[in-house]
Amino acid sequence: MQIREQLENLVNDALKNAIDSGKLALDEMPEAALERPRDESNGDWASTVALRCAKQAKMNPRQIAEIIVGELPQNDLVASTEIAGPGFINLTLSPAVFQGVARIVRTEKGDFGKGEIPAGESFVNLEYVSANPTGPMHVGHGRWATLGDAMARVMRHAGYDVYEEFYINDHGTQMDIFGTSVAVRYLQLLGHDVAMPENSYGGGYVKDIAQGIIDRDGDKWAAVEEAERMAAFRELAYHEMLQDMKDTLAGFGNHFECWFSERSLYVVGPDGTSPVTRSLASMDEKGYIYKKEGAVWFKSTAFGDEKDRVCIKENGEYTYFMSDVAYHYDKLERGFDHLINIWGADHHGYVKRCEAMLEAWGRPGALEVVLGQLVNLYRDGEAVRMSKRTGEMVTFKELIEEVGVDATRYLMLSRSSDQPIDFDIEAAKKKDASNPVYYVQYAHARICSILRRVAPEASVEAVAANTMTMDELSAQLIPLDTDLSRLVEPSELALMRTMSAFGELVTQAARDRAPFRLTHYAQDLAGTFHQFYTTCHVIGEDAELQAARLYLLDASRIVLAKSLDLLGVSAPTEM
RNA sequence: GCGCCAGUGGCUCAAUGGAUAGAGCAUCGGACUUCUAAUCCGACGGUUGUGGGUUCGAGUCCCGCCUGGCGCACCA
């Protein structure tokens with residue numbers, strides 16, 4: 001049982017005793033109202049129950065607190081209690097409780113802090129990045145790549161079954177424009193006098209693709225019909241861009257269960273239907289589809305949208321929105337309980353109509369859109385323009401190459417997604433105290449360094465050669481049943497106290513879709529460790545103390561590594 | 001005009017409605033013959049944009065205003 005639950009039971013028992021004995025006049029049992037005080041001097045846990053029920057009981061909250069404390073049953077959790085401020089009940093736990101946490105960490109290892117999600121909420125489709133395959137990923141996409149990946153990791157640890165998906169917009173006019181752009185560049189490179197059309201893609205990569213075609217095929221495409229050339233180049237360029245994105249994302253550590261093609265929504269199956277026709281028919285059945293001015297409309301205003309939306313244009317073409325209708329319908333058909341989309345804040349105007357379609361199908365709330373604010377790129381304080389036209393933009397791939405995966409991820413995750421990020425390339429490259437990712441990684445490396453000191457040489461070499469993991473090394477060095485009763489120093493207790501908060505933090509970060517909280521936690525834990533490191537020596541202490549501290553070190557290592565892992569950041573064993 | 005997001009020390013950010021609003025950077029002052037100084041300790045720094053409201057209690061919730069970002073297509 002979690003510490004919180006055990007404490008809740010204690011407080012509840014005390015309340016019950018107080019009410020039964022008539023010392024407290026309350027109509028109903030209040031909540032135990034436990035929380036972790038921000039300030040350590042206010043104990044390990046605190047209850048605000050006395051403050052909350054003062055009015056109903058018509059008593060001074062401090063008096064109520066005294067009654068509750070007096071009724072607390074005997075237990076071996078709480079070492080001392082204190083009534084503070086207006087009526088807080090502060091509980092300080094016994095060192096044994098925290099020593100127990102360290103023991104759990106080393107027993108559960110990477111599973112420490114795992115949560116369980118109630119059935120029916122568990123199967124989640126998480127769609128993110130979904131960059132158009134008409135150009136390389138830019139830095140903004142990188143934020144979604146980082147956020148989505150971390151969210152998936154955190155949610156999985158919290159007990160969700162997360163299915164990561166990338167939606168490929170490979171259908172529609174943008175693809176044709178892309179094909180045309182490549183075709184024009186191709187002809188220009190061959191010396192033809194053709195101008196780029198108005199809305200074309202002018203980035204340098206388009207020319208690179210065209211040059212690639214020349215290198216392979218020479219001028220053979222100059223002779224074929226324009227439409228055929230466009231179509232051929234479109235497919236070629238599309239696959240090149242898609243592959244580029246797949247490579248970039250794989251190199252960044254992302255993994256998608258599914259790369260979903262928009263085109264597949266239009267493929268008619270043996271039963272004569274497609275996701276497009278099925279989704280439209282399903283809305284029609286419910287009466288939310290109508291015709292007006294030659295177009296087919298979805299009555300999204302029925303669900304609070306500001307205007308109805310066109311599904312099929314007057315000219316018979318499907319809108320992009322229609323694809324999304326079909327896409328979300330398809331997700332439901334695939335059996336997901338819950339759909340999460342990560343979008344840039346510039347798409348927020350699109351949210352309502354998508355929520356509306358889910359409501360039309362009788363699944364209100366099934367779609368959750370996480371809107372993230374955008375990334376502003378700087379170099380030494382100077383804004384870096386990101387324009388596809390001028391070709392001046394920094395692609396995400398270039399950013400990773402210059403800054404590195406770990407620093408990029410950490411910085412992208414270091415603030416709430418509804419906060420814009422000013423990403424300074426030069427600042428991100430700094431390998432000093434101003435870059436928190438190294439602070440955390442350094443704590444991990446320091447621990448590993450101590451463990452190596454007490455390990456047999458053969459094992460140290462095996463770890464260096466990657467034939468042995470740190471977990472295996474520590475299992476060899478530190479017995480699970482080590483006596484931990486010597487761990488009572490403030491910095492030792494602080495370390496274990498911080499570890500004890502991990503599970504709840506993961507649950508909350510998952511619930512709030514806020515993996516950035518893990519960066520704060522990791523920094524907090526690393527800081528607590530660095531403090532311990534300067535206060536407490538490990539090697540050379542008497543045998544029992546050294547053994548207990550090695551145990552504590554290893555538990556810290558495990559939780560640090562897990563925190564970094566949930567962020568997708570590596571935990572180096574030396575730096 | 002309407003809508004969404006934000007506004008917290010010089011800078012970057014925290015704070016399930018809880019206590020004296022916390023960290024880091026920067027600045028200044030200390031700590032390496034001892035397990036990695038990419039570290040630690042200390043000092044300086046605040047009317048949480050603004051005016052009301054809700055309550056035992058507001059940075060947090062509600063309303064107005066100010067400032068900034070983004071969006072308001074039969075584009076994708």
Side-chain angles (χ1 to χ4, degrees), chain A residues 33 35-39 41-42 46 48 50-55 60-61 84-88 90 132 134 169 171-175 177 199 262 292-297 306-307 309-324 344-352 371-374 376 411 414-422 424 427 430-443 445-454 504 508 511-512 516-517 519-520 523-524 526-527 529-541 546 549-550 553 574-575:
Chain A
E35 59 190 46
R36 285 172 185 274
R38 284 176 203 164
D39 191 335
S41 66
N42 290 324
T48 56
L51 293 163
R52 287 164 197 264
C53 64
K55 200 175 197 182
N60 180 316
F88 291 96
N90 295 341
N132 286 339
T134 53
N169 301 125
H171 182 268
T173 51
Q174 285 306 308
M175 288 304 295
I177 293 170
N199 293 317
E262 181 183 356
K292 192 180 93 183
E293 295 161 2
V296 175
W297 298 71
E306 55 192 21
K307 54 175 290 193
R309 305 294 170 177
V310 171
C311 295
I312 305 174
K313 301 182 216 172
E314 200 178 348
N315 64 10
E317 283 175 17
Y318 291 104
T319 58
Y320 178 79
F321 176 65
M322 185 61 231
S323 284
D324 257 335
D346 52 340
H347 286 74
H348 80 255
Y350 201 72
V351 175
K352 204 81 192 182
L371 287 177
Q373 296 295 317
L374 305 175
N376 304 309
L411 277 165
S414 62
R415 64 207 62 172
S416 159
S417 54
D418 45 35
Q419 205 74 243
I421 292 185
D422 290 335
D424 192 304
K430 287 210 175 90
K431 299 201 171 181
D432 59 23
S434 68
N435 208 338
V437 65
Y438 300 112
Y439 182 80
V440 179
Q441 289 184 322
Y442 184 55
R446 267 183 149 178
I447 295 172
C448 294
S449 170
I450 298 178
L451 294 180
R452 274 195 298 270
R453 291 239 165 200
V454 292
E504 242 176 310
Q508 286 171 10
R511 181 199 61 198
D512 299 339
F516 83 97
R517 295 216 184 120
T519 63
H520 292 287
Q523 268 162 268
D524 191 18
F529 165 76
H530 285 307
Q531 245 166 18
F532 162 80
Y533 184 91
T534 34
T535 330
C536 298
H537 221 258
V538 178
I539 295 169
E541 297 291 335
Q546 171 168 325
R549 284 185 173 165
L550 280 173
L553 275 184
E574 52 190 315
M575 285 172 74

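Since the model is a prediction, treat every value here as computed from it, not as a measurement. Below, chain A is the first sequence line, B the second, and so on; all start at residue 1.
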Using the rule for Phe, Tyr, His and the six-membered ring of Trp, do Tyr439(A) and A38(B) stack at under 5.5 Å and under 30°? no

Ring centres within less than 5.5 Å and planes less than 30° apart: is that true of His537(A) and C35(B) in this structure? yes

Measuring from the side chain of [X] (C-beta onward, heavy atoms only), which nucleotide among [options] has the closest atom?
{"X": "Glu574(A)", "options": "C40(B), U36(B), A6(B)", "value": "U36(B)"}
{"X": "Tyr320(A)", "options": "A38(B), G18(B), A76(B)", "value": "A76(B)"}
{"X": "Gln531(A)", "options": "C41(B), C70(B), A19(B)", "value": "C41(B)"}
{"X": "Glu314(A)", "options": "C70(B), A37(B), C74(B)", "value": "C74(B)"}
{"X": "His520(A)", "options": "A38(B), C13(B), A19(B)", "value": "C13(B)"}
{"X": "Met575(A)", "options": "A38(B), U39(B), C4(B)", "value": "A38(B)"}
{"X": "Gln373(A)", "options": "C5(B), U36(B), U16(B)", "value": "C5(B)"}
{"X": "Ile539(A)", "options": "C35(B), A19(B), C74(B)", "value": "C35(B)"}
{"X": "His348(A)", "options": "C70(B), C74(B), C35(B)", "value": "C70(B)"}
{"X": "Tyr533(A)", "options": "C13(B), U36(B), C74(B)", "value": "U36(B)"}

For atom [atom1], what is the distance between [N] and [M], given to the nearest Å?
{"N": "A19(B)", "M": "U60(B)", "atom1": "P", "result": "13 Å"}
{"N": "G18(B)", "M": "G59(B)", "atom1": "P", "result": "10 Å"}
{"N": "C13(B)", "M": "A26(B)", "atom1": "C1'", "result": "14 Å"}
{"N": "C62(B)", "M": "C44(B)", "atom1": "P", "result": "37 Å"}
{"N": "G46(B)", "M": "A21(B)", "atom1": "P", "result": "12 Å"}

Taking O4'-C1'-N9-C4 for purines and O4'-C1'-N1-C2 for pyrimidines, is C32(B) syn (within 90° of 0) or anti? syn

Heavy-atom count around Lys431(A) NZ within 6.0 Å, excluding the residue itself: above 12? no

Between the base of [N] and the side chain of [X], is there any donor-acceptor pair under 3.5 Å?
{"X": "Gln174(A)", "N": "C75(B)", "answer": "no"}
{"X": "His347(A)", "N": "G71(B)", "answer": "no"}
{"X": "Asn90(A)", "N": "A19(B)", "answer": "yes"}

Any donor-acceptor pair under 3.5 Å from Thr319(A) side chain to Cys311(A) backbone: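 Yes.
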
Which whole-number value in Å describes the distance from [X] [atom1] to [N] [atom2]?
{"X": "Phe88(A)", "N": "G57(B)", "atom1": "CZ", "atom2": "C1'", "result": "8 Å"}
{"X": "Asp39(A)", "N": "G22(B)", "atom1": "CG", "atom2": "P", "result": "8 Å"}
{"X": "Asp422(A)", "N": "G69(B)", "atom1": "CG", "atom2": "P", "result": "12 Å"}

Between [N] and [X], is there an OP1 or OP2 to side-chain N/O distance shorter than 4.0 Å?
{"X": "Arg446(A)", "N": "A37(B)", "value": "yes"}
{"X": "Lys430(A)", "N": "G24(B)", "value": "no"}
{"X": "Arg415(A)", "N": "C13(B)", "value": "yes"}

Is it the case that Arg446(A) places NZ or CZ above or below the six-membered ring of Phe529(A), under 6.0 angstrom from the centre and within 45 degrees of the axis?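 The answer is no; the distance or angle limit is not met.
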
So what does Lys352(A) touch, heavy atoms closer than 4.0 Å: a base, only the sugar-phosphate, or nothing? nothing

Only pairs with both distances under 3.5 Å count, Watson-Crick or wobble alike; so what is the partner of A37(B) in this structure?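 Matched A37(B) with nothing under the 3.5 Å cut-off.
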
Between Thr134(A) and Gln174(A), does any side-chain donor sit less than 3.5 Å from a side-chain acceptor?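 No.
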
